[in-house]
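Every value quoted in this text rests on a predicted model; they were computed, and no experiment measured them. Lettering of chains follows the sequences in order, A, B, ..., and the numbering in each one begins at 1. Every heavy atom of this structure was used, including side-chain atoms; hydrogens, water molecules and symmetry mates were not.
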There are 2 protein chains.
Amino acid sequence: MGEGRLGEPGPPVRGRPVPQRRPYDGDTPRTGAAEGISGAGQVARVAGIKDVARQAGVSVGTVSNVINRPEAVLPETRARVLAAIEELGYVRSESARQLRAGRSRIMALLVLDMGNPFFVDVARGAERAARAAGLGVMVCNSDQSPAEEAEYLGLFAEQRVCGVLVTPADASGRNLEAFARHRIPYVLVDRVAPGTGTCAVSVDDVRGGALAVGHLLSAGHRSVAYVSGPGDLHQIRDRREGALAALADAGLPPEALVEIPSERLDVAAGRDAGARLLGLVPRPTAVFCANDLLALGVLQALYAAGVRVPQDIAIVGYDDIEFAAAAAVPLTSVRQPAVVMGRLAAELLLEESDDEDGTHEHRSVVLQPELVVRASSSTPR
Amino acid sequence: MGEGRLGEPGPPVRGRPVPQRRPYDGDTPRTGAAEGISGAGQVARVAGIKDVARQAGVSVGTVSNVINRPEAVLPETRARVLAAIEELGYVRSESARQLRAGRSRIMALLVLDMGNPFFVDVARGAERAARAAGLGVMVCNSDQSPAEEAEYLGLFAEQRVCGVLVTPADASGRNLEAFARHRIPYVLVDRVAPGTGTCAVSVDDVRGGALAVGHLLSAGHRSVAYVSGPGDLHQIRDRREGALAALADAGLPPEALVEIPSERLDVAAGRDAGARLLGLVPRPTAVFCANDLLALGVLQALYAAGVRVPQDIAIVGYDDIEFAAAAAVPLTSVRQPAVVMGRLAAELLLEESDDEDGTHEHRSVVLQPELVVRASSSTPR
DNA sequence: CACGGATGATGAATCGATTCATGGTCGATT
DNA sequence: AATCGACCATGAATCGATTCATCATCCGTG
């Protein structure tokens, strides 16, 4: 069908399925327009710096100066140029600037799950820092898929973004290893750096797990279920490790932690996990969830089954998202400084990206989590 | 301080505070490198199409062909070029492509509040459609601030994005009016088009409001509180209008709707509204909230005050976000097809943006909301 | 009056990819 | 053998902004 359309215009088209959109773009009309519109509105392609220069009767260099170093231009000239800019509705083209500069003024943020308010907060922090530095932010969602992640990283490389904030979905690190070839700086978010070659901002997940389970144990519980997530995520493993450490501290064996694995980290998965929790014998009296979405799901499953929280089963979540505090039974949760994490990560990235003389030293910042006790765990039986 | 740093290198710098980052960038080293590295890794600037051409022993045009129309290149040549690409780790520069093409391959999405899962779903739908078309998506957050909105729209214009999906924060429409000058297509999301000059995808909010309040009335309630939001948002007004229509249908006067205004649309604002609701005399027996975040906040305030839901007060929310179903008392809510809306909007935008011969006709798509009844309203007193 | 210095404006070169008119080669047909 | 077409590859022009060496003015001073 494409060929049929192509065959119609005059010149004998070769028989190849050429994927050309707008075959002639506008070379001819553009040249025509450039010769001498000035006043007429005609086809009116968007105004470029040359149009402004012509309109103001100056050179393109001067227009550029007005935009980038206005103090170096005579006020009179500047006013004329600004008037021309205003009149033509001129907006400078970032692509042209980028082409010269070698990289764009956009920072990328690649998170595991935009449905998780935790990452929304991270994004908020990063965005604030980036915009303060005059950069745009491109927020993307890998959905925990290494393939998606690879695709996005490729996109970022093509865009020559000035840097990437990423919470890796690919535990093997292969994606990032490949990405490193492009010499685009990146900062790991919510993940410790594997070596010293990378900046990273993370929260001490081991400690977070210990806080959560320690809290439950000190309330008298002797067995705790752990609703986990994909086993290849560091966060999940570290929180488990912290949980086990807390058990050990209390003189309990590792078997006192009953793991309820979960493929995903959302509310629906939490409901499933809650159902499985109810089927366990003996039934644990407390459950620690790898994040708040799971906890909310568990809470709902228990509620539906008539199991009282915290009287029958206590719940502790992780992340302390807004909805944790807003739940039917407000959730005890381990708060992560998400906004701060986003901001710090962006600042580290800016530092690395502004670094011209190789002075930058990679840093790993580890933030501390904080236990927020609410009703879901506060009154042990 | 900047001047001191600038004064050091040889050439006599003029005494102006020039804001130049990386003053010399790399012209000299680059030219040097371009003369003949080939083998050595040296300063190793990122490889461009010319490097690939040299390495493969072909012209740049051929490299371009290999990338964009591989079937037009002899397999043998193609293999050589691909090998060179692989070896040099070449990634084509989007900025250069964009410069020629006149616009980027990025679609922008500007939403009111990324903290609202409703918009996250919209983003999900849009992203899916955009990526299917090979475009990247830049998700941004105006936070209901017209000023932020204006700033982002300016950024989009500079980036020459191929189109913008926007839920306007500026009710006056001035921001978009100004943006229209740039000839960048845009589609309104969750908002009806003011005229025929724009595409739009929205949900029938009047009907949504009517569904919600009609449901409450048919359950026997005779007075309904409406927790609203910023008065200049169309959504808020339309939902109120629908609510009033439902009252009229039931033969009740407009006064039967008691408005509890709210500045913001988040859970915290909902808690405040809930507190005010409790202070009303006579106390309404039912409350309709302009969105689920408010409803969750109200629910929590009522719960904390020992008011039973739905026995004492029934609640209906709006949006049917995941957390509505996961609430302590699962929320009755008006479901909006958010993902579909995002997808449709993106598709309309793609159509308009691909339109070369002016064939495109602007369309306004209005989707229908759906009432999802859950426990928060299901058993009237 | 000549010269130096400061200040403004200029315009060509440049970034990297795309596009297309052009040229070259080979095979088939007349 | 000459011609034509098909097929490949080439390289120059182009997109729009930045940058810098260069030029033009003007003022003050010796």
**Report entry** Shortest side-chain distance from A:K50, nucleotide among D:dC15, D:dA9, D:dA17
**Finding:** D:dC15
Requested in this report: Please report, rounded to the nearest Å, how far the P atom of D:dT14 is from the CG atom of B:L99.
Outcome: 13 Å
Report task. Rounded to the nearest angstrom, tell me the gap between atom CZ in B:R69 and atom P in D:dC7. Result -> 13 Å
Query raised in the report: So which nucleotide from C:dG16, C:dA17, C:dA9 ends up closest to the side chain of A:L74?
Result: C:dA9
**Report entry** side-chain hydrogen bond (donor to acceptor under 3.5 Å, both in side chains) partners for A:Y186, two or more places apart
**Finding:** none
Query raised in the report: Looking for any heavy atom pair under 4.0 Å, which part of the strands does B:G61 touch: base, sugar-phosphate only, or nothing?
Result: base
Requested in this report: Evaluate the criterion side-chain contact (heavy atoms from CB on, under 4.5 Å) for residue pair B:M138 and B:L155; output intermediate values, then yes/no.
Outcome: CA-CA 11 Å; B:M138 186 163 171; B:L155 186 70; 3.9 Å; yes
Report task. Would you classify B:V73 as touching base, sugar-phosphate or nothing, given that sugar-phosphate means primed atoms plus P, OP1 and OP2, and contacts are heavy atoms under 4.0 Å? Result -> sugar-phosphate
Requested in this report: Take atom CD of A:E158 and atom P of C:dG16, then tell me their distance rounded to the nearest Å.
Outcome: 15 Å
Query raised in the report: Within this structure, what is the CZ-to-C1' distance between B:R54 and D:dT10, rounded to whole angstrom?
Result: 17 Å
For residues 79-90 of chain A, please give each side-chain donor-acceptor pair under 3.5 Å, one per line with the distance, not counting sequence neighbours.
unit_1	atom_1	unit_2	atom_2	d
A:R80	NE	A:A56	O	3.1
A:R80	NH2	A:A56	O	3.3
A:E87	OE1	A:Q55	NE2	3.0
A:E87	OE2	A:Q55	NE2	3.2

Query raised in the report: So which one's nearest nucleotide on DNA chain C is more toward 5', A:T77 or A:V60?
Result: A:T77
Query raised in the report: So, is A:Y90 near the phosphate of D:dA17, with a side-chain N or O under 4.0 Å from OP1 or OP2?
Result: yes
Query raised in the report: What is the distance from CD of A:Q159 to P of C:dG16, rounded to the nearest Å?
Result: 16 Å
Report task. Please report, rounded to the nearest Å, how far the P atom of D:dG16 is from the CG atom of A:D51. Result -> 8 Å
Query raised in the report: Is the shortest side-chain N/O distance from A:R92 to OP1 or OP2 of D:dA17 below 4.0 Å?
Result: no
Query raised in the report: For C:dG16, does OP1 or OP2 lie under 4.0 Å from any side-chain N or O of B:S93?
Result: no
Query raised in the report: Under 4.0 Å: is that the gap between some side-chain N or O of B:R97 and OP1 or OP2 of C:dT18?
Result: yes
Query raised in the report: Regarding A:R174 and the six-membered ring of A:F179, is the cationic atom NZ or CZ under 6.0 Å from the ring centre and inside 45° of its axis?
Result: no
Requested in this report: Taking only the side-chain nitrogens and oxygens of A:S59, find out if one of them lies under 4.0 Å from OP1 or OP2 of C:dA9.
Outcome: no
Query - Whole-Å gap separating C1' (D:dT18) and CD (A:E94) - result: 12 Å
Query raised in the report: Just how far is it from atom CG of B:N141 to atom CZ of A:R124, taken to the nearest 0.5 Å?
Result: 6.0 Å
Query - Candidates C:dT19, C:dG16, C:dT10 - which lies nearest the side chain of A:N65 - result: C:dT10
Report task. Would you indicate what A:V63 reaches in the nucleic acid, counting non-hydrogen atoms under 4.0 angstrom: base, sugar-phosphate, or nothing? Result -> nothing
Query raised in the report: Between atom CZ in A:R100 and atom P in C:dG16, what is the gap in whole Å?
Result: 10 Å
Query - Salt-bridge contact B:E151-A:R131 (side-chain N to carboxylate O under 4.0 Å) - result: yes
Query raised in the report: Can a side chain N or O of B:T62 be found less than 4.0 Å away from OP1 or OP2 on D:dA9?
Result: no
Query raised in the report: In terms of the nearest nucleotide of DNA chain D, which residue is placed more toward the 5' end: B:A96 or B:G57?
Result: B:G57
**Report entry** Distance test, side-chain N/O of B:N68 to OP1/OP2 of C:dA17, below 4.0 Å
**Finding:** no
